[in-house]
A.B. asks: 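So that we are looking at the same thing, I have put the structure below in structure tokens.
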Amino acid sequence: MLLYLLIGLLTALLYGVFKYYQWTSKFPKGPFPLPFLGNFFEFDFKYQYKSLQRMGKGQNGIYTVFSPIPFVQITDFEIIKEAFVDKGEDFVGRPDNEVIQEAFTFAPNAGVINSNGESWRENRRAAISIMRDFGMGKNLMEAQVRSSVEAYIAHLDTIKDKEHVNLRWPIQVMVANIINEVLFGFRYKYDDCQPLMNYVNGFNELMEKMTESIGLMIALVFPRIRHWPIIGWYSVGRVEAAQRKLNEFIIKNVERTLKDYSVEDEPTCFAHAYKQKMGQNAFLDQTNLLATCSDFFVAGMETTTTTLRWAMLFFAVNQEAQDKLRQEILEVVGSDRIPEMADQPKMPYARACVLEVQRRANILQTNVQRVTVRDVEIRGQTIPKDTWVNGDIHYLMANDPLFENPEEFRPERYLHEDGKTLRKDLVEHTIPFSIGKRVCAGEGVARVELFLGLTTTIQKYRITPCEGAEIDLVPPPNAILLPKDQELCIQKV
Ligand code: HEM
């Protein structure tokens, strides 16, 4: 009897293993997955980009990691382009996993970053149209950026001990004020910005918790565990609670902005303009107003701040590049006014610097996840509908053979020998904002912020390491690769 039972169990197990491998064979081939567990134990969830760097080598640009969810990685530029641009409509989804949608968003299927289908389309369209009306990529937005940059320089001027300056908060407030003013119509003062600091700290804690939690990874596969006592709290509950706190900040700011606004009035900020559009279709409602503001606030603040913080460290370490950049700024702009976007075409070295900062900082461990909305074929391999796909811009910018010695910070790599013309091939492969239908919705603003934020700082200040200190360029684990907090010496030029 026992023997029959054992034979029965063994047969069921072998059948299960057979079915498992039959299923995995539907996805692009990658590192060999263990039965049922896939590559779970090969994956360092804290440093996902390092695991993906290791696994991606020798995979011909497209492969699957089972974590244990099938997770297709695309590491080759031409294949990312084929998927996200040529077949863009097929890769336009975001995960509609209930844990992600309920715990990590303002509300399920709302806003722009995590929504799907018509809700995403209508909200992205409305948001971009409002941003354009407020001058995204044009003069009005540039004027806001320049005024925020000027306030930041004025703040740096007031700092007494310039030999030990942590630039984190000055940069954070400068960048946050731009998006805050666009969304809600007001700015924070450098000496009175506690709600903003609470938001930023809360967001960073949320990112840390998300990166460190193996429980969360398990909950993505078995969402029910989030309702279990204790396990539910450690896997999802504490992350969800952190997200709810962030949501409160957005609700307060939107309420403050809309309190005295009537839709007959001329809108002076994003929240006003969205309020005017509400009701035009079923997806533009109060929840989506809040969720879209939340998405633009978070996406618009932490990414640009982090990139500029890395920039200061790179230039502190690379004095030669800093001198060269300053020389170009002084030749083209002089020192009586701050740079403007119209100067950019005459400043190839500055453009190369921004590209190299973004490439070398490479701030996202993985791209924001896409999901296939139908079965799709890429390079002769089928990716089934509803598969998670990482268009791995991190891997690309750190490993593409076009970037010789990718670890080096060397803006010159973007310039031809004449020192004036940008290398189009390298520029094309530098895609920190991703590409395709879901390309970053704030790319235009971010480019203005990065160019003006960087060039104005270097125009006004020489940045060096503090005496006797070494700059630490190793990022701690976090979904966004933030630099470690460290002080720098700043000297007025
Ligand atoms: C250095 C700065 C930034 C970087 C590196 C960056 C990068 C990205 C990336 C990689 C994505 C995912 C694209 C994809 O799914 O393929 C994204 C999406 C997004 N970004 Fe940015 N971003 C930056 C700044 C901004 C700013 C300033 C804003 C707002 C003003 C913004 C708003 C958004 C939004 C709303 C999305 C979601 C788009 C969608 O799903 O349709 N980002 N960003």
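Counting starts at 1 for both ligands and their atoms, in listed order. Throughout, numbering of the chain's residues begins at 1 and tracks the sequence.
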A.B. asks: Is Asp295 in polar range of ligand 1, meaning some N or O pair under 3.5 Å apart?
C.D. replies: no

A.B. asks: With heavy atoms of Ile179 as the reference, note each atom of ligand 1 found under 4.0 Å away.
C.D. replies: 30 (C)

A.B. asks: Check whether Phe84 forms a cation-pi arrangement with Arg370 (NZ or CZ under 6.0 Å from the six-membered ring centre, at most 45° off the ring normal).
C.D. replies: yes

A.B. asks: Check ligand 1 against Gly442 and write out every atom of the ligand that is under 4.0 Å from a heavy-atom position of the residue.
C.D. replies: 26 (C), 27 (C), 28 (C), 29 (C), 30 (C), 31 (C), 32 (C)

A.B. asks: Would you mind finding which of Ala299, Pro432, Ala361, Ser434 brings a heavy atom closest to atom 33 (C) of ligand 1?
C.D. replies: Ala299

A.B. asks: Polar contacts were defined as any N/O atom of the residue lying under 3.5 Å from an N/O atom of the ligand; does this apply to Thr307 and ligand 1?
C.D. replies: no

A.B. asks: Enumerate the atoms of ligand 1 whose separation from the nearest heavy atom of Val112 is less than 4.0 angstrom.
C.D. replies: 38 (C), 39 (C), 40 (O), 41 (O)

A.B. asks: Looking only at heavy atoms, is any part of Gln358 under 4.0 Å from ligand 1, and if so is it the side chain, the backbone, or both, or is it neither?
C.D. replies: side chain

A.B. asks: Between Tyr152 and Thr457, do the side chains contain a donor N or O and an acceptor N or O under 3.5 Å apart?
C.D. replies: yes

A.B. asks: Which is it for Arg370 and ligand 1 at heavy atoms under 4.0 Å: side chain, backbone, both or neither?
C.D. replies: side chain

A.B. asks: Any nitrogen or oxygen of Lys437, main chain or side chain, under 3.5 Å from a nitrogen or oxygen of ligand 1?
C.D. replies: no

A.B. asks: Arg94: heavy atom below 4.0 Å from ligand 1, yes or no?
C.D. replies: yes

A.B. asks: Heavy atom to atom 43 (N) of ligand 1, shortest distance: which of Ala446, Cys440, Gly300, Ala441 holds it?
C.D. replies: Cys440

A.B. asks: With ring-ring contact (aromatic ring centres under 6.0 Å, His included) as the test, pick out the partner of Phe45 among Phe43, Tyr47, Tyr49.
C.D. replies: Phe43

A.B. asks: Could you tell me the separation between the CG atom of Asn362 and the CG atom of Leu481, rounded to the nearest 0.5 Å?
C.D. replies: 7.5 Å

A.B. asks: Answer yes or no: does atom CD of Glu407 have more than 12 heavy-atom neighbours from other residues, nucleotides or ligands under 6.0 Å?
C.D. replies: no

A.B. asks: Is there a donor-acceptor pair closer than 3.5 Å between any side-chain N or O of Asn97 and the backbone N or O of Leu220?
C.D. replies: yes

A.B. asks: Decide yes or no on ring pair (Phe, Tyr, Trp, His ring centres under 6.0 Å) for Phe270 and Phe296, but give the supporting numbers first.
C.D. replies: CA-CA 10 Å; Phe270 185 97; Phe296 271 75; 5.8 Å; yes

A.B. asks: At less than 4.0 angstrom from any non-hydrogen atom of Ile393, what atoms of ligand 1 do you find?
C.D. replies: 10 (C)

A.B. asks: For ligand 1, which atoms, with element, lie under 4.0 Å from some heavy atom of Trp120?
C.D. replies: 39 (C), 40 (O), 41 (O)

A.B. asks: Any nitrogen or oxygen of Thr304, side chain or backbone, less than 3.5 Å from one on ligand 1?
C.D. replies: no

A.B. asks: Considering only NZ, NE, NH1 and NH2 on the basic side and carboxylate oxygens on the acidic side, decide whether Arg121 and Glu89 come within less than 4.0 Å.
C.D. replies: yes

A.B. asks: Considering only heavy atoms, does Leu364 approach ligand 1 within less than 4.0 Å through its side chain, its backbone, both, or neither?
C.D. replies: side chain

A.B. asks: Applying a heavy-atom cut-off of 4.0 Å, say which part of Arg438 lies close to ligand 1: side chain, backbone, both or neither.
C.D. replies: both

A.B. asks: Please confirm whether the ring centroid of Phe186 lies under 6.0 Å from the ring centroid of Tyr188.
C.D. replies: yes

A.B. asks: Under 3.5 Å between some N or O of ligand 1 and some N or O of Glu449?
C.D. replies: no

A.B. asks: Looking only at the side chains, is there a donor atom on one of Arg187 and Ser147 sitting less than 3.5 Å from an acceptor on the other?
C.D. replies: yes

A.B. asks: With under 30° as parallel and over 60° as perpendicular, where do the rings of Tyr199 and Phe203 fit, or are they tilted in between?
C.D. replies: parallel

